[in-house]
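First comes the structure, then the notes that go with it.
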Amino acid sequence: MASSESRYVPADLEPRRQRRWAELGLDRTPDPSDERSENFYALSMFPYPSGNLHMGHVRNYVITDVIARVQRLRGRRVLHPMGWDAFGLPAENAAIERGVDPAAWTERNIAQMRAQLQRLGLSIDWEREVTTCRPDYYRWTQWLFLQFLDAGLAYRREATVNWDPVDQTVLANEQVDAEGRSWRSGAKVEKRKLRQWFLRITALADALLDDLPLLEGWPERVRTMQANWIGRSRGALLRFPLLDAEDGVEVFTTRPDTVYGVSYVVLAPEHPLVERLTSPDRQDAVEAFRAEVAATSEQERVAEDRPKRGVALGGAVRHPFSGDAVPVWIADYVLPDYGTGAVMGVPAHDSRDFAFASSHGLAVRTVVVPADGEIPGEIPNDPPGEAFTAPGRLVNSGRFDGLVGEAAISAVVEAAAAAGCGEARTTYRLRDWLISRQRYWGCPIPVIHCDHCGVVPVPVEQLPVELPSDVDLSGSGGSPLERASDWRRVPCPCCGAEAHRETDTMDTFMCSSWYYLRYTDAGNGNEAFAREAVDRWLPVDQYVGGVEHAILHLLYSRFFTKVLAQRQLVGCREPFRRLLTQGMVQGITYRSPSSRRYVPSAAVADPSAPTDPDTGEALEVFYEKMSKSKHNGVDPGAVIDRYGADTARMFILFKAPPEKDLEWDDADVEGQYRFLQRIWRLCDSAAQGGLRLGSPAPWPRTLADAERDLRRAVHGAIEAIEDDLLGDELQCNTAVAELMKLSNAMGSGLAAVGPAVAQEAVTTLLLLLAPFAPHLADELWEQLGGEGSIHRQRWPQLDPTALVRDTVTVVLQVKGKVRGQLEVPADLGAADLEQLALASEVAQRWLEGAAPRRVIVVPGKLVNLVP
RNA sequence: GCCCGUGUAAUCCAACGGUAGAGAUAGGCGACUUAAAAUCGCUCCAGUGCGGGUUCGAAUCCCGCCACGGGCACCA
């Protein structure tokens, strides 16, 4: 029979299985209105269609696919869609560099990437594919924009904004990193004053923050990042009146209780009151300082370690409580766009103010002392060595003396409010979302500018406002749409006079903020989505994607969902119930220590002692995120060619837990391939031995020991894998390890059992394998005579009685150290176990006849004797 | 500086407070083979980053450090 042994040839088997799945329509989303089972929405972050699938994509989609397949086997109706985040600059840049049409370029990339994706055997319902750059999608993006406009949540204003000099467009705050670089181009952004479109995300700041605790299925760290980003800060607004005028300087402070410690007020150099508060003799100094600040970059200015510089204006304001005159300064450490752009200087109780006051000779007045300390009879006059910033008891503060902490804060705020010179105030770090982009390849903002009527929304029935083709993209400066004069010129929808279209396009994050809603009703030509369809599937049960969107996409999408919920368009406040942020895929990276040049792994002759092929010097070896520039990428297509998709999937799932970074290792890929071959041989030899899965063999009246052992392994695997896949955290790596363990047990145990137990074992192995290696499992299922596709079967039922053991090994400890073992009946009670332990030879030897002081018994586990 | 995460065998990774090893890679030995590959079997390798503490018992809980990764940061 050995000669008839068949071989595992994934290159042949996988396309065949995929054709079969397509014929059967296995991946089509079931009708969600069927009430007999629950719905499950498995979602991956959709890709930008660069044209090339990389390992990060593979990891993302394979994880989601395992979840989708497990849920299907467990009887859920699963929605598992895919689409394309298809607007964006690479298409436009390709157009500029090579003269290709952005739409055609994008569509070609999509076709290419879809084909690459499909080779992975993902159970995606392609009938619901969405593509954000197509008019049938962006029509609804525009419609949603008009919803925001109607709700007063979209507006246009002049503002200082981030300008990316490389991509020639503005960026939202979220798209600029801590170093002041663009998330896309990496260029240092510049500040420009421009008239731009914004979405009023700050109006939802409280909701976005307060609902974070609802997201129990999200990683803690993502929630923290969003909370930091929103940056809510509760405090008060206090007004310091000008000496000779009605109005005053408003400051924001989180410590209104320290107001009696104010020895100066500082404005941002850009503050509008600077001119009025500058005395003639200070004019030149102030001008010079403002010019200097204007010349320093944003990044330099916010660097914490630089000295705090500033100049006095000469003018003063009146303290709201004491009435004293307080000098006014400007300084570079006060930022114009946070709070009110002005702060009260309290050197004794704020470390920044302390540093500033120390270097400019300003008074330091102590007004807070530790609350638990003695109340000093006399407040020390010596200036302290550093600011005391903790909350405490007020002193030197007039009628507020003696108040402590929160009580002091609210007393001051109430007094300020009563006197009309202040009120409680909350400020946020979060800024409104700048959505204008001065580029062509994006969703046009559907408004028309009319000299008579102002900004007029494009009537809904005229949507979509389609992008014109044949636009000259080559030029620089301004949006390309500005130059499409035929497209731009339109009659005003209100008065009919000649008007012109808005030429800014939307940030692509607008398009991706609602795609998960469109999937639920992808073919709808009459509306963005039916509320009914959305409510059946949302919130998404499991979302999987990269942590790089912890703020960007995930915050915007939450914002969209909340606005749509307010407008009764969707029924949930949060779009994503569970979120898994998968780790990076890293490649082995070689770098020359002297030239800092990256060397491709193909050029490294001996990986155990890598040397530079040109210079012969030893190379640095480390793992880093795969990228073209580091020559450390592995092409998914090449891996599939060589080993098949199932091996690639198994490797990625096994090598590391989903949330952690994964180090690509060819030897481990090889190992996974061997494992799948082992399963193939296992099933093949079972088939040769006559095993068939079609009709169940009669169950024996009693089981032999070998049969009970094998059943224990089988049901142990079910239990463990359910734990790994359905528990709080997804642990695909240990689930795969359990599969290996089961296959090892079957390798030695299958021959010794009767047909019924063998059938159960093989069926279970294949069912448990099916979500991970769907092609192989389905092929073997068919070869063994299983009915239909394995992907239409039900998840194996755990039989707890199969897990029961007759005897167990109990550990004997003496003072917590393992000293021996006892083989005892599994159901032996604590008292009996203790007796057995005390009588044991180990106890005799270690206790030397003395009775233990204490005995800890964990039945079925251990006995600990404490002398 | 603040917050979060991670440190276990040569390597990647496991271990409800209860025998540190589930699984894999690499290495070693053996079987099969004329030989090699493949396959199968066996096997070497850590006391869990460091220092304390709690406990009968700590990789796991607590405190203080160190290293690496990530987020925020003159945000008043």
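- Comparing the C1' positions of B/U39 and B/A9 gives an interatomic distance of 26 Å, to the nearest angstrom.
- Taken from CG in A/L739 to CG in A/L765, the straight-line distance is 6.5 Å, to the nearest 0.5 Å.
- In plain terms, the two heavy atoms of A/L742 and A/V714 that are nearest each other are CD1-CA, 3.7 Å.
- Listed by first then second residue, pairs satisfying salt bridge (charged side-chain N to carboxylate O under 4.0 Å, His left out) with a partner in residues 810-820 of chain A number zero, not counting sequence neighbours.
- Taking only side-chain nitrogens and oxygens, A/R854 comes nearer than 4.0 Å to OP1 or OP2 of B/C56.
- Using a cut-off of 4.0 Å between Lys/Arg side-chain N and Asp/Glu carboxylate O, A/D709 and A/R712 are scored as salt-bridged.
- Shown here are the side-chain hydrogen bond (donor to acceptor under 3.5 Å, both in side chains) partners of A/H715, two or more places apart in sequence or in another chain: A/R711, A/E760.
- Rounded to the nearest 0.5 Å, atoms CZ (A/R558) and CG (A/L209) are 8.5 Å apart.
- Distance CZ (A/F651) to P (B/A24): 15 Å, rounded to an integer number of Å.
- For the pair A/I230 CD1 and B/C72 C1', the computed distance is 13 Å after rounding to whole Å.
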Which pairs would a plain distance check flag for residues 717-730 of chain A, meaning a side-chain donor or acceptor within less than 3.5 Å of a matching protein atom at least two apart in sequence or in another chain?
unit_1: A/E722; atom_1: OE2; unit_2: A/W795; atom_2: NE1; d: 2.9
unit_1: A/D724; atom_1: OD1; unit_2: A/T734; atom_2: OG1; d: 3.2
unit_1: A/D724; atom_1: OD2; unit_2: A/T734; atom_2: OG1; d: 3.1
unit_1: A/D724; atom_1: OD2; unit_2: A/A735; atom_2: N; d: 3.2

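- The CG atom of A/D337 sits 11 Å away from the P atom of B/C74 (whole-angstrom rounding).
- Residue contacts for A/V343: at a heavy-atom cut-off of 4.0 Å it reaches a base atom on one of the strands shown.
- Note: A/Y338 and A/F252 have perpendicular aromatic rings, judged against thresholds of 30 and 60 degrees for the angle between ring planes.
- Taking 4.0 angstrom as the limit, A/R681 places a side-chain polar atom (N or O) nearer than this to OP1 or OP2 of B/C40.
- The gap from the P atom of B/A20 to that of B/C66 amounts to 31 Å, rounded to the nearest Å.
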Sequence-aligned protein contact record of nucleotides 11-19 of chain B, with B where the base is within under 4.0 Å of a protein heavy atom and S where only the sugar-phosphate is = -SSSS--BB

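- Of the candidate nucleotides B/G71, B/C40, B/A22, B/A22 has the atom nearest to the side chain of A/E738.
- B/A37 and B/C29 have their P atoms separated by 12 Å, given to the nearest Å.
- Summarising the geometry, the separation between CD on A/Q226 and P on B/C4 is reported as 17 Å, rounded to the nearest angstrom.
- Scored by the salt bridge (Lys or Arg N to Asp or Glu O under 4.0 Å) test, A/D206 finds A/R232 as partners (sequence neighbours excluded).
- Side chain to side chain, A/Q672 and A/Y643 fail the donor-acceptor criterion of an N or O pair below 3.5 Å.
- OP1 and OP2 of B/C75 both lie 4.0 Å or more from every side-chain N or O belonging to A/T427.
- B/U55 atom C1' lies 13 Å from atom NZ of A/K817, rounded to whole Å.
- Here B/G47 is in the syn range [glycosidic angle within 90° of 0].
- Nucleic acid contact class of A/R674 (heavy atoms, under 4.0 Å, all strands): sugar-phosphate only.
- When the P atom is compared between B/U48 and B/C61, the two are found 15 Å apart, to the nearest whole Å.
- We find that CG of A/D350 is positioned 9 Å from C1' of B/C74, with the value rounded to whole Å.
- Among the heavy atoms of the strands, none lies under 4.0 Å from A/G339.
- Side-chain contact check for A/S182 and A/Q175: no donor-acceptor pair (N or O, by modelled atom type) lies under 3.5 Å.
- Stem analysis of RNA chain B (at least three stacked-register Watson-Crick or G-U pairs, each with both distances under 3.5 Å) gives B:1-7 with B:66-72, B:10-12 with B:23-25, B:27-31 with B:39-43, B:49-53 with B:61-65.
- Rounded to a whole Å, the CG atom of A/D724 is 11 Å from the C1' atom of B/G23.
- What separates CZ of A/F354 from C1' of B/A76 is a distance of 17 Å, to the nearest Å.
- In this structure, A/D353 reaches neither bases nor backbone, as no heavy-atom distance under 4.0 Å exists between it and the strands shown.
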